[in-house]
Protein chains: 2
Amino acid sequence: MTQTEQRKNRLHEAFTRKGMRYTKQREQIYNILLDKRDHPTAEEIFLRARERMGSISFATVYNCLDTLVECDLVRQVHIDRESTRYCPNLSDHAHLHCPQTGEIHDITLPTDLLENIREQLPEDFTLGSVEILIRGTSHKAQNSKAS
Amino acid sequence: MTQTEQRKNRLHEAFTRKGMRYTKQREQIYNILLDKRDHPTAEEIFLRARERMGSISFATVYNCLDTLVECDLVRQVHIDRESTRYCPNLSDHAHLHCPQTGEIHDITLPTDLLENIREQLPEDFTLGSVEILIRGTSHKAQNSKAS
DNA sequence: CTAGGTGCAAAAGGTTTGCGGTTAA
DNA sequence: TTAACCGCAAACCTTTTGCACCTAG
């Protein structure tokens, strides 16, 4: 089985597990996110998808992205009130954001740091998730890890 | 000099320092934020302002809020793509957000935690600011500190 | 076959803008 | 006096929705 077929099967399973169907639009959009992990917006994804598929509607892009999020394949990234960005990296990570260039890079923080945050919470607080956004200027960010 | 007058002077200075004028709309909106530190949206601020002032326009609320942000008197708080919220707490703090109730509470994190994050950054990265959003359920959040 | 998905266009929701009248300094 | 500000309505931009047609299972 080729790697592409494997990915396809993995996707298929993720969808059917939630009672949802496998469609080529969903597959393509997921592939777009995996192929270039640059946290694109829905519009950027729409443009890339149209290049690959010839034609797709904006609403479908949003629908597919919602589905991917719901199936735990992709996460949304929110920075201020800018357009929502999408990220296929499911591991715990923070985001480095350079307002000048608009670039976003993933950065893995040590687990004890998250543990440290957890300790600060009130007793009656059940932790859901933690989002860490680090703003700053990257002077030569070429070698950052965009996992 | 009364406390109100002192606040007024402080505001006046903050505005003129940036070449901006002191207006009653700006003052009222700032007071609304100080009086109830519950991270209101522009719409909530608009409603409270109308109660106090009789009449004010939505655009003015946005304009005034922008001014207050620019004069470093107030900060924006972004949660997902929900309406922007406003916060007069300028000290370093994280936000606890309960998606069920919509409540937001400020929580002060130990300085060494922020130091710890700083250490994780790439060499070529000049830190701007850090935003930490902690999502979860507060089962009886009455006694949380909303500083 | 049919529930679920796609595509289109129209609507919604939050925020911004242009501009004539108003006001702080 | 006059540059800055307010208020209104209209525009803007991202995202969502309704509905007819299509398609995976």
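- Although no hydrogens or angles enter the test, the distance criterion places no donor-acceptor pair under 3.5 Å between the side chain of Arg48(A) and the main chain of Ile32(A).
- Arg26(B) and Asn63(B) are not linked by any side-chain donor-acceptor pair at a separation below 3.5 angstrom, with hydrogens and angles left out of the test.
- Among the heavy atoms of the strands, none lies under 4.0 Å from Thr67(B).
- When heavy atoms are screened at a 4.0 angstrom cut-off, Thr84(A) is found touching the sugar-phosphate backbone but no base atom.
- Nearest-nucleotide positions on DNA chain C place Asp66(B) closer to the 5' end than the other of Asp66(B) and Lys24(B).
- Across all strands, Thr41(B) comes closer than 4.0 Å to no nucleic acid atom at all (heavy-atom distances).
- Summarising the geometry, the separation between CD on Gln76(A) and P on dT16(D) is reported as 8 Å, rounded to the nearest angstrom.
- Note: CZ (Arg85(A)) to C1' (dT15(D)) measures 16 Å, nearest angstrom.
- Residue Glu43(A) is classed as having no contact, given no heavy-atom separation below 4.0 Å to the nucleic acid.
- A side-chain donor-acceptor contact under 3.5 Å links Glu103(B) and Thr101(B).
- At a threshold of 4.0 angstrom between heavy atoms, the contacts of Thr60(A) include nucleobase atoms, whether or not backbone atoms are also involved.
- Glu44(B) is linked by a salt bridge (Lys or Arg N to Asp or Glu O under 4.0 Å) to nothing, counting only residues two or more places apart in sequence or in another chain.
- Distance NE2 (His12(A)) to C1' (dG4(C)): 14 Å, rounded to an integer number of Å.
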- request: Report the C-alpha distance between Thr126(B) and His139(A) in whole Å, list the side-chain angles of each, state the deciding distance to 0.1 Å, and finish with yes or no for side chain to side chain donor-acceptor pair (under 3.5 Å).
  value: CA-CA 8 Å; Thr126(B) 307; His139(A) 301 289; 2.6 Å; yes
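- Here the side chain of Tyr62(B) is nearest to one of dT17(C), dA9(C), dT15(C), namely dT15(C).
- Within 6.0 Å of CD on Gln76(B) lie more than 12 heavy atoms contributed by other residues, nucleotides or ligands.
- As rounded to whole Å, 15 Å separates atom C1' of dT23(C) from atom CZ of Phe15(B).
- The distance between atom CG of Asp80(A) and atom P of dG14(C), rounded to the nearest whole Å, is 18 Å.
- Separating the CD1 atom of Ile56(B) from the C1' atom of dT23(C) is a distance of 15 Å, rounded to the nearest angstrom.
- Arg81(B) has a side-chain polar atom (N or O) that falls below the 4.0 Å cut-off from OP1 or OP2 of dT15(D).
- Contact between the side-chain N/O atoms of Tyr22(B) and the OP1/OP2 oxygens of dA24(C) is not found at any separation under 4.0 Å.
- For Ser57(B), no side-chain nitrogen or oxygen approaches OP1 or OP2 of dC6(D) to under 4.0 Å.
- Rounded to an integer number of Å, the gap from Leu11(A) CG to dG5(C) P is 14 Å.
- Ranking dT2(D), dT15(C), dT15(D) by closeness to the Arg21(B) side chain, first place goes to dT2(D).
- Not one N or O on the side chain of Arg135(B) forms a donor-acceptor pair closer than 3.5 Å with the backbone of Cys98(B).
- Between Gly19(A) and Ala42(B), it is Gly19(A) whose nearest contact on DNA chain C lies nearer the 5' terminus.
- Overall, the helix from dC1(C)-dG25(D) to dA25(C)-dT1(D) carries an axis bend of 40° between its ends, with five pairs at each end and the value rounded to 10°.
- Within the 3.5 Å criterion, the main-chain N or O of His39(B) finds a donor-acceptor partner in the side chain of Arg85(B).
- Closest contact between the side chain of Thr23(A) and the listed nucleotides dG7(D), dG5(C), dG14(C) involves dG5(C).
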- request: Could you walk me through whether Thr137(B) and Gln100(B) pass side chain to side chain donor-acceptor pair (under 3.5 Å), step by step?
  value: CA-CA 7 Å; Thr137(B) 313; Gln100(B) 277 80 48; 3.2 Å; yes
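- Residues Met20(B) and Phe58(B) each lie close to DNA chain D; by heavy-atom proximity, the contact nearer the 5' end of the strand is made by Met20(B).
- No contact: Thr16(B) has no heavy atom under 4.0 Å from any strand.
- Neither OP1 nor OP2 of dT23(D) sits under 4.0 Å from any side-chain N or O of Gln25(A).
- As rounded to whole Å, 16 Å separates atom C1' of dC12(D) from atom CD of Glu82(A).
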